[in-house]
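Just below is one structure, and these are the notes that go with it.
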Amino acid sequence: MFTKQDIIKSAVLIWIVVSIAYIGYDTWRDYQIRGIQQAYQAGIADGAKQLIEKSNAGQCKEPVTVSVGEGKIDFIDVKCLQQSGPQGQQQGPQGQAPTPTAPISTPKK
């Protein structure tokens, strides 16, 4: 038969093993989450960098087209609009000058 002292030792040992397993699991999950967040931030920075490079490469000759899935948008640098001045701007469908576009969120599926 087990003595009271054996039961206490076994309970403490089980508690230590479970605690170490939980701490290890929690540390691993934090590591994964940080890695995913860093990859997400790097992707945003890379996308913005590519957009800037494409915009500068065009030298105001044409808009920069960005597409994600079925979504597509053309970007025009505000400096290009300012260079053309109010006389050089084309009129929109309602007789208004085109406005600079801002980034939009990606379509949700």
With a cut-off of 3.5 Å and sequence neighbours excluded, list every side-chain donor-acceptor pair involving residues 37-46.
{"unit_1": "Asp46", "atom_1": "OD2", "unit_2": "Gln50", "atom_2": "NE2", "d": "3.3"}

Acceptor/donor pairs from residues 6-18 side chains to any protein atom, 3.5 angstrom cut, sequence neighbours excluded:
{"unit_1": "Asp6", "atom_1": "OD2", "unit_2": "Thr3", "atom_2": "OG1", "d": "3.3"}
{"unit_1": "Ser10", "atom_1": "OG", "unit_2": "Asp6", "atom_2": "O", "d": "3.0"}

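Scored by the side chain to side chain donor-acceptor pair (under 3.5 Å) test, Thr65 finds Asp74 as partners (sequence neighbours excluded). For Ile52, the side chain to side chain contact (heavy atoms under 4.5 Å, CB included) partners are Asn56, not counting sequence neighbours.
Side-chain contacts under 4.5 Å among hydrophobic residues (ILVMFWY), followed directly or transitively, place Ile33 with no other residue at all.
The OG atom of Ser55 lies 10.0 Å from the CD1 atom of Ile76; values are rounded to the nearest 0.5 Å.
The 12-atom threshold is exceeded at CD of Gln32, counting heavy atoms of other residues, nucleotides or ligands nearer than 6.0 Å.
Here ring-ring contact (aromatic ring centres under 6.0 Å, His included) pairs that include residues 18-37, with residues two or more places apart or in two chains, are Trp28-Tyr31.
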